[in-house]
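Okay, structure first, notes after.
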There are 2 protein chains.
Amino acid sequence: MSIITNINKAFDHRIRLGIMSILMVNEFADFNMLKELLGATDGNIASHAKALEKVEYIKVEKQFIGRKPNTRYSTTDLGRAEFKKHINALEKLINKS
Amino acid sequence: MSIITNINKAFDHRIRLGIMSILMVNEFADFNMLKELLGATDGNIASHAKALEKVEYIKVEKQFIGRKPNTRYSTTDLGRAEFKKHINALEKLINKS
DNA sequence: TAAAAGTACTTTGAAATGCAAAGTAAATAA
DNA sequence: TTATTTACTTTGCATTTCAAAGTACTTTTA
């Protein structure tokens with residue numbers, strides 16, 4: 001049990017941290033919203049979202065809006081819980097600083 | 001200027017975050033102290049410390065304590081400033097969540 | 001209405017990074 | 001004197017990151 005035990009590896013990257021933060025305040029966010037808010041490339045958003053999906057911290061829904069494909073993301077219960085744990089761990093770490 | 005603009009890439013890894021936090025509260029920390037506090041392997045500590053050294057956020061001093069080699073690390077002014085910026089950015093990101 | 005441009009992603013593969021095992025060199029213990 | 005431990009560093013394989021290119025459309029323009 002070290003000081004970084006509860007720092008979640010899945011949130012070790014700023015883009016993943018960004019995706020989670022966005023999804024904590026917005027019930028849904030679509031691909032382009034993430035891309036714009038984070039200023040990342042398409043491939044980047046896709047792969048980091050996939051990483052969060054793989055550990056089941058976010059979920060993906062694909063639908064059509066009119067005739068356009070639309071991919072929207074939202075957190076899972078697990079994801080919210082893990083993110084909160086991560087934030088608490090970060091705060092503890094930081095408050096020592 | 002996205003929401004993760006001030007999230008520093010150099011601190012994107014929990015071991016590097018841990019090293020910096022430790023060095024923010026302790027004027028110095030040696031190799032073994034970092035290793036124990038972070039529960040990481042030797043190679044791991046060495047390479048993450050080197051990464052922080054490369055961007056000049058920490059500095060390294062090698063000395064002998066008695067007859068044993070000892071490597072101790074400390075933050076640089078730049079490192080402290082950048083870490084504070086990072087923490088502020090994290091707090092802003094988190095408070096939205 | 002055919003061609004060109006745009007949209008919304010996904011795939012790809014090279015480059016960078018992460019990791020622990022093995023290596024090194026000296027000190028200490030048996 | 002040989003074995004073990006300590007304090008790191010090096011190595012090289014594995015994983016991750018990244019943006020460019022690709023795909024499958026839709027929309028605009030000529």
Side-chain angles (χ1 to χ4, degrees), chain A residues 2-5 7-20 22-23 26 28-74 82 86, chain B residues 2 4-5 7-23 26 28-74 82 86:
Chain A
S2 89
I3 59 166
I4 54 168
T5 299
I7 302 286
N8 194 327
K9 202 182 147 149
F11 304 132
D12 255 358
H13 195 283
R14 73 218 120 85
I15 292 181
R16 287 185 314 257
L17 202 62
I19 291 175
M20 283 306 292
I22 291 167
L23 294 179
N26 300 282
F28 295 100
D30 65 20
F31 192 92
N32 283 321
M33 184 172 168
L34 293 181
K35 191 178 144 186
E36 276 160 38
L37 287 174
L38 298 171
T41 58
D42 295 11
N44 233 302
I45 294 293
S47 60
H48 286 294
K50 194 169 282 174
L52 290 170
E53 213 191 319
K54 199 176 171 186
V55 291
E56 292 180 59
Y57 289 178
I58 67 173
K59 61 178 188 291
V60 186
E61 287 164 81
K62 277 159 192 295
Q63 50 169 351
F64 275 87
I65 291 183
R67 326 181 111 253
K68 283 187 189 174
N70 180 266
T71 300
R72 67 179 199 178
Y73 301 93
S74 56
E82 290 297 321
H86 182 76
Chain B
S2 88
I4 53 168
T5 299
I7 302 286
N8 193 329
K9 203 181 147 151
F11 305 132
D12 254 359
H13 194 282
R14 73 218 121 84
I15 292 181
R16 280 175 331 248
L17 203 61
I19 291 175
M20 285 305 294
S21 313
I22 291 166
L23 294 179
N26 300 281
F28 296 99
D30 65 20
F31 192 90
N32 284 320
M33 183 173 170
L34 293 181
K35 192 179 144 188
E36 276 159 38
L37 287 174
L38 298 172
T41 59
D42 295 11
N44 231 302
I45 294 292
S47 61
H48 286 295
K50 194 169 282 175
L52 290 171
E53 212 191 320
K54 198 176 171 187
V55 292
E56 291 179 58
Y57 289 178
I58 67 175
K59 61 178 186 293
V60 186
E61 286 163 83
K62 279 161 191 295
Q63 49 169 353
F64 276 86
I65 291 183
R67 324 179 115 256
K68 285 187 188 174
N70 181 264
T71 301
R72 67 179 200 178
Y73 301 93
S74 57
E82 289 299 320
H86 181 75

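Chain identifiers are assigned alphabetically (A, B, ...) following the order of the sequence lines, protein sequences preceding nucleic acid strands; residue numbering begins at 1 within each chain. If you're wondering where the values come from, they're calculated on a predicted model, not measured in any experiment.
- By the side chain to side chain contact (heavy atoms under 4.5 Å, CB included) test, A:Asp30 pairs with A:Asn32, A:Met33, A:Asn70, A:Arg72, sequence neighbours left out.
- Between B:Ala10 and B:Val55, the closest heavy-atom pair is CB-CG2, 4.5 Å.
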Give every pair of a protein N or O atom and an N or O atom of nucleotides 26-29 of chain C that lie under 3.5 Å apart, one pair per line with the distance.
unit_1 : atom_1 : unit_2  : atom_2 : d
C:dA27 : OP1    : B:Arg67 : NH1    : 3.4

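- Scored by the salt bridge (charged side-chain N to carboxylate O under 4.0 Å, His left out) test, A:Arg14 finds B:Asp12 as partners (sequence neighbours excluded).
- Partners of A:Lys54 under the side chain to side chain donor-acceptor pair (under 3.5 Å) rule, at least two apart in sequence or in another chain, do not exist in this structure.
- For B:Ser2, the side chain to side chain contact (heavy atoms under 4.5 Å, CB included) criterion is met by B:Ile4, B:Thr5, not counting sequence neighbours.
- Taking atom CG of B:Leu38 as the reference point, atom C1' of C:dC19 lies 15 Å away to the nearest angstrom.
- For B:Phe11, the ring-ring contact (aromatic ring centres under 6.0 Å, His included) partners two or more places apart in sequence, or in a different chain, are B:Tyr57, B:Phe83, B:His86.
- Nucleic acid contact for A:Asp30: none, since no nucleic acid atom lies under 4.0 Å from a heavy atom of the residue.
- In this structure, B:Glu56 places its CD atom where only 12 or fewer heavy-atom neighbours from other residues, nucleotides or ligands lie under 6.0 Å away.
- Residues satisfying the side chain to side chain donor-acceptor pair (under 3.5 Å) criterion with A:Thr71, sequence neighbours excluded, are A:Lys62.
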Nucleotide N/O to protein N/O under 3.5 Å, stretch nucleotides 16-18 of chain C:
unit_1 : atom_1 : unit_2  : atom_2 : d
C:dG18 : OP1    : B:Arg16 : NH1    : 2.9
C:dG18 : OP2    : B:Arg16 : NH1    : 3.0

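- Every residue two or more places apart in sequence or in another chain that forms a side chain to side chain contact (heavy atoms under 4.5 Å, CB included) with A:Ala49 is listed here: A:Ile19, A:Ile58, A:Tyr73.
- Applying the salt bridge (charged side-chain N to carboxylate O under 4.0 Å, His left out) test to pairs two or more places apart or on separate chains, those with a residue in residues 31-44 of chain A are A:Lys35-A:Asp42.
- Take A:Asn44 and apply the side chain to side chain contact (heavy atoms under 4.5 Å, CB included) test, not counting sequence neighbours, and it matches A:Ile15, A:Ala40, A:Thr41, A:His48.
- Contacts between chain A and DNA chain D, taken as any atom within less than 4.0 angstrom of a protein heavy atom, begin and end at D:dT17 to D:dT27.
- A:Lys35 comes within 4.0 angstrom of no nucleic acid atom, judged by non-hydrogen atoms across all strands.
- Among the atoms of the strands shown, only primed sugar atoms or phosphate atoms (P, OP1, OP2) are found under 4.0 Å from some heavy atom of B:Lys62.
- Heavy atoms of B:Thr41 sit under 4.0 angstrom from at least one base atom.
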